[in-house]
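One structure is given here, and the rest of the page talks about it.
Just so it is clear: chains get the letters A, B, ... in the order the sequence lines come, proteins before strands, and each one is counted from 1. Everything numeric in this text was worked out from a predicted model, so none of it was measured.
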Protein chains: 2
Amino acid sequence: MSYKIKSRIWIESKNNVLLGEGRVHLLKAIQETGSLSKAAKSLNISYKKAWQLLDSVNKSAKKPVTINTVGGKGGGGAELTDYGKSLILAFDEINKNCWAFLDKELERIKRL
Amino acid sequence: MSYKIKSRIWIESKNNVLLGEGRVHLLKAIQETGSLSKAAKSLNISYKKAWQLLDSVNKSAKKPVTINTVGGKGGGGAELTDYGKSLILAFDEINKNCWAFLDKELERIKRL
DNA sequence: TTTCGTTATATTTGCTTAAACATAACGAAA
DNA sequence: TTTCGTTATGTTTAAGCAAATATAACGAAA
């Protein structure tokens, strides 16, 4: 059995993490469920952890990534902004390309 | 100020980490000092942590990465095998190329 | 104005991981 | 056989981080 190359990429803004794999998962879950609490449940993480992640994302980003509404019909909710959607698309594209790149680099250690 | 892309890569062997940035630093320090204890001191980590890392490396690798001698003149020491040296070279090469690759991908988020 | 599900936040508890400390084994050389 | 600096390993303590618990604020609709 041969060696494998693994990687993690993330986007930073002024030394703070903006987007990583976990944060992208959370944003996608918000997009699908329309609320942060439901997104947290679908990812099996606590609401607090989800909120902290989302708060960090919105504080690190140059423009809001989600619009959160509190109170009212249904209690409120959260939805992605167009900016948030474009960030996710960019991250997924870069991540996919990175894995393809590393798959080529794997040749360098195939014979080790 | 714009966003930055960061990454971490590592080599795995049967679901165990073989080589990452920290382990490569340790191996290079061993190469320079000739002993695990001196390498640990130079990296400001405890001897035990260094030993556990090195032990994990040698157990994950297909062939020994270091030869450790105990007792005798000078108390003993540790030195890299040719195989260990080639692993380090491969890791550094892949890592360097990955950063260059991501530097190109940075264009995708320059305007976000 | 009461209800409801959500966002928002603080506090406490538990767990995993890292650090600190301690000690045995080794073997060449004096 | 005593010394020395190293490898090798166990044990205990501390710290950081995740999880659990609790509660306030909100605002549309009934």
Side-chain angles (χ1 to χ4, degrees), chain A residues 8 10 12 15-18 20-61 63-81 83-84, chain B residues 8 10 12 15-18 20-61 63-81 83-84:
Chain A
R8 277 291 168 92
W10 64 95
E12 284 191 7
N15 293 335
N16 294 319
V17 174
L18 166 62
E21 222 162 83
R23 290 164 191 238
V24 166
H25 281 154
L26 177 63
L27 293 179
K28 285 179 178 175
I30 290 173
Q31 195 170 23
E32 289 166 6
T33 62
S35 96
L36 181 55
S37 65
K38 284 175 187 163
K41 279 183 191 126
S42 79
L43 296 182
N44 273 82
I45 62 176
S46 70
Y47 171 83
K48 177 168 189 176
K49 183 173 180 179
W51 182 85
Q52 286 173 329
L53 277 173
L54 182 58
D55 186 57
S56 169
V57 169
N58 277 316
K59 278 178 176 160
S60 303
K63 297 196 288 183
V65 172
T66 64
I67 299 294
N68 310 327
T69 59
V70 52
K73 170 191 165 192
E79 61 177 2
L80 292 196
T81 61
Y83 185 67
Chain B
R8 277 291 169 91
W10 64 95
E12 284 191 6
N15 294 334
N16 294 319
V17 175
L18 166 61
E21 221 162 84
R23 290 164 192 239
V24 166
H25 281 153
L26 178 62
L27 292 181
K28 285 178 178 174
I30 290 173
Q31 195 169 25
E32 289 165 7
T33 62
S35 95
L36 180 54
S37 66
K38 284 176 187 163
K41 278 183 191 127
S42 78
L43 296 181
N44 273 81
I45 61 177
S46 69
Y47 171 82
K48 178 168 189 176
K49 184 173 179 179
W51 181 85
Q52 286 173 329
L53 277 173
L54 181 59
D55 185 56
S56 169
V57 168
N58 277 318
K59 279 178 177 161
S60 303
K63 296 196 286 182
V65 171
T66 64
I67 299 293
N68 309 327
T69 60
V70 52
K73 170 191 165 191
E79 61 177 1
L80 293 195
T81 61
Y83 185 68

So if I take the C1' atoms of five pairs at each end of the helix from C/dT1-D/dA30 to C/dA30-D/dT1 and get each local axis, what angle do the two axes make, rounded to 10 degrees?
10°
Each nucleotide of nucleotides 2-18 of chain C classed B (base within 4.0 Å of a protein heavy atom), S (only sugar-phosphate) or -, in 5' to 3' order, makes ---BBBBSBB-------
Only pairs at least two apart or in different chains count here, so list each side-chain hydrogen bond (donor to acceptor under 3.5 Å, both in side chains) that has a residue in residues 63-72 of chain B.
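side-chain hydrogen bond (donor to acceptor under 3.5 Å, both in side chains) check on residues 63-72 of chain B returns B/Asn58-B/Thr66, B/Thr66-B/Asn68.
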Nearest-angstrom distance from the residue atom CD1 of A/Ile45 to C1' of D/dA20:
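Those two atoms, CD1 and C1', are 14 Å apart.
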Could you tell me the separation between the NZ atom of A/Lys73 and the P atom of D/dA28, rounded to a whole number of Å?
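So the two atoms are 12 Å apart, to the nearest Å.
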For [X], what residues pass the side chain to side chain contact (heavy atoms under 4.5 Å, CB included) criterion, not counting sequence neighbours?
| X | result |
| --- | --- |
| A/Trp10 | A/Glu12, A/Val17, B/Lys6, B/Arg8 |
| B/Ser56 | B/Arg23, B/Ser60 |
| B/Gln31 | B/Leu80, B/Lys85 |
| B/Ala61 | A/Tyr3, B/Leu18, B/Val65, B/Tyr83 |

Contacts of type side-chain hydrogen bond (donor to acceptor under 3.5 Å, both in side chains), residue B/Lys73, not counting sequence neighbours
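side-chain hydrogen bond (donor to acceptor under 3.5 Å, both in side chains) list for B/Lys73, sorted by chain: empty.
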Listed by chain and number, what are the side-chain hydrogen bond (donor to acceptor under 3.5 Å, both in side chains) partners of B/Ser35, not counting sequence neighbours?
B/Ser37
Can you name the salt bridge (charged side-chain N to carboxylate O under 4.0 Å, His left out) partners of A/Lys38, sequence neighbours left out?
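Scan of A/Lys38 (salt bridge (charged side-chain N to carboxylate O under 4.0 Å, His left out), adjacent residues dropped) gives none.
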What residues form a salt bridge (charged side-chain N to carboxylate O under 4.0 Å, His left out) with A/Lys41, not counting sequence neighbours?
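Listed in chain order: nothing, the list is empty.
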Do you know the tightest heavy-atom contact between A/Thr81 and A/Pro64?
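Looking at all heavy atoms of both residues, the closest pair is OG1-O, 2.8 Å.
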So if I take residues 25-33 of chain A and measure heavy-atom distances to DNA chain C, which residues fall below 4.0 Å?
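DNA chain C contact set from residues 25-33 of chain A: none.
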